[in-house]
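Here is how names work: the chains are called A, B, and so on, in the same order as the sequence lines, proteins then strands, and each is numbered from 1.
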Amino acid sequence: MQNEVIAYRDGETLLDTQTAASQDFSDFQKVLFDNSDDALEVIRHSTAHMMAQAIKELYPDAKFFVGPVIEDGFYYDFRVDEKISDSDLKTIEKKMQEIAKRKLPIVKTCTTKKEAVVHFGDDDLKQEVFLRIPDGEVSTYKQGDFEDLCRGPHVPNTRYLRFFKLIRVAGAYLGGDEKREMLTRIYGTAFADKKSLMEYSKMIEEAKKRDHRKIGKELKLFTFDDEVGAGLPIWLPNGARLRSRLEHLLFKAHRLRGYEPVRGPEILKSDAWKVSGHYDNYGENMYFTVIDDAEYGIKPMNCLGHIKVYQDEVRSYRDLPLKFFEYGVVHRHEMSGVLHGLFRVREFTQDDAHIFCTPEQIKENVLEILDFVDTIMSAFGFEYEMEISTKPEKAIGDDAYWEAATKGLKDALDGNGIKYGIDEGGGAFYGPKIDIKITDALKRKWQCGTIQVDFNLPERFDLSYVDANNEHKRPVMLHRAILGSFERFIGILIEHTAGELPFFIAPTQAVIVPISDAHHVYAKKLHEILLDEGIDTEISAKNESLNKRIRNAEKMKVPMILVVGDEEVEKNSVALRDRRERIQYNLSIDELKTKMKEKLSEVHF
RNA sequence: GCUCAUAUGGCUCAGAGGUAGAGCACUUCCUUGGUAAGGAAGAGGUCGAGGGUUCAAUUCCCUCUAUGAGCUCCA
């Protein structure tokens, strides 16, 4: 089957053999039955149809909406009277295998939309589909006695559809509209051979193993608590150590780049949020409280505090750019259904900064930030990509400002040959932005850092600086975060590293294991020496066997284990077991100190 | 927010209409062990919260809370 043609590609168009049959396809590129993107598209689409056929045979009253191909597979939305659960997926899979074995030819028929509307007259979900497609010719595909409205492309025969798996059953609104009825959706995936299907399953397993919620519990990094509330992370000692290391490194990096630390209040009067536009444009995501008859809003962003810092003095053009940064704690009312571990929470801390500069300085400052981003992402081994988000529906300010700001961002990227995508309408309400999306070890993408150009808030707060001619001018504000938030970044880092955190931010960098009680004093001395060098260690002196204590340290993924016994006490040394390099050797204390220092200095921002 | 599912000691999970168990973790004792689980004894749960059905509910029903999956990727 491997060399059989299942479709053709004509430039931008992918068309199946059924469609090609009526034209001259000698110039078309052949799509063979393999795991190429084109082939998978066809295979998965056909598998979705075969799933629908199986469902129809098992549940004759089933009505089908749409069944598209998605990134890793496909889904089909449909309505049945019965409730379908995960345990029914096996039955459906079996029926699908059966249909594949029937080796049914898949036959295409073209007709006008008008005729099709009549043909599917008693199917209200198909009528919904008709509302969404243009007038003119439509096609239906038939395999055995199952017929479905579909534009294709499809494989020629069901015998190609043997390596598939149904992943899960879920609910989905008709057309993604939360006001419409909820349909049943089954997700699945398919490949051209068994091996690829197995590899895919393995990848899913690996992703489960790396889930930061699971590892966060195992390594005692963070927790959540019903009594405290949803989306409010609680940092345990290990997690707080990790986070604090990150904060310190980043603090220094900011200082070296000319940023000044500042700090604004957690709650500000609603009047201030009205001036900024947050009250009207972001209010539904904010929490409010009343103090002495005045309404206050808990900050969802840190801009206001930094604006107030700017306004504290008369600013000169000689001062610009002014860079203020803060690890700003923000609260946002996210919908309960979107909360997810550390990735989506209601309270989080941004590594936030605002740069006040002249319009002419936008480009150089954006570039400087991009360089900062690159330094940090490289330090963690992340690859990333950029996306420019333009004016959203809910926005403040003149179009002229938006155009200037968007141009500023594009110029900075274009001028340096940096590639980027465009997310139309994805900007913040006060300005367009560059989003930095990082790709983790499993090729999944996450939005973290962001750079935003803002002409609006300076205008609304009447910010100014005095220029060389002693005239008042309006500065521009750049909002930026590099990690995005400590919560999300650490979550991603956990999944990226599978919990094997790099030495320089590992919560516990070394565990000291004294062989017996007699070596406790020496272990304690070692602990103090290392702590003084900025190395976090723990002494594992519980009444457990040596093996057990080593095992525990390994389970906690501690990078180094230092075993000390008679020999080490006598020679003033340690026996080092390096988890990452999987080697063991002896070192004097001085050598150990040097080694640790080297390890720490491997990374700097 | 909506749909569906789940909620049992710190963790991972069994269990049944008559108020509960395992392993790990924890405590104590023995053991002082040279690189991934030494041994023994013990303590710990109003079975997520509130309400209802029942002679009886942790188990059935309802509400709430929390968690999980999905709700954007167009026949």
**OP:** Could you tell me whether the side chain of Lys56(A) and the main chain of Ala62(A) form a donor-acceptor pair under 3.5 Å?
**Re:**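 Looks like yes, one N/O pair under 3.5 Å.
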
Subject >> NZ-OG1 distance between Lys557(A) and Thr497(A), expressed to the nearest 0.5 angstrom >> reply: 8.5 Å

**OP:** Answer yes or no: does atom CG of Asp37(A) have more than 12 heavy-atom neighbours from other residues, nucleotides or ligands under 6.0 Å?
**Re:**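 Open: at most 12 neighbouring heavy atoms sit under 6.0 Å from CG of Asp37(A).
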
Original post:
Does a side-chain N-to-carboxylate-O contact under 4.0 Å join Glu554(A) and Arg577(A)?
Top reply: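 A salt bridge links Glu554(A) with Arg577(A).
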
Original post:
Using 4.0 Å as the upper bound for N to carboxylate O, is an ion pair formed by Arg241(A) and Glu538(A)?
Top reply: yes

Tell me what [X] touches on the nucleic acid: a base, only sugar-phosphate, or nothing, going by heavy atoms under 4.0 Å.
X         : result
Glu567(A) : base
Ala553(A) : nothing
Asp566(A) : base
Val69(A)  : sugar-phosphate
Tyr187(A) : sugar-phosphate
Asn547(A) : sugar-phosphate
Gly231(A) : sugar-phosphate
Val66(A)  : sugar-phosphate

**OP:** Report yes if at least one side-chain N or O of Arg549(A) is closer than 4.0 Å to OP1 or OP2 of rU35(B); otherwise report no.
**Re:**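 False: Arg549(A) side-chain N/O out of range (4.0 Å or more) of rU35(B) OP1/OP2.
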
Original post:
C1' atom, rU46(B) versus rG70(B): distance in rounded Å?
Top reply: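 The same atom, C1', in both gives a distance of 36 Å.
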
State the pairing partner of [N]; accept Watson-Crick or G-U wobble contacts with both distances under 3.5 Å, and report none otherwise.
N       : result
rC47(B) : none
rG9(B)  : none
rA16(B) : none
rU54(B) : none
rU28(B) : rA40(B)
rC2(B)  : rG70(B)

Original post:
Between Ala170(A) and Ile550(A), which is nearer to the 5' end of RNA chain B once each is assigned its nearest nucleotide?
Top reply: Ile550(A)

**OP:** Would you mind reading off the distance between Arg185(A) atom CZ and rC71(B) atom P, rounded to a whole angstrom?
**Re:** 6 Å

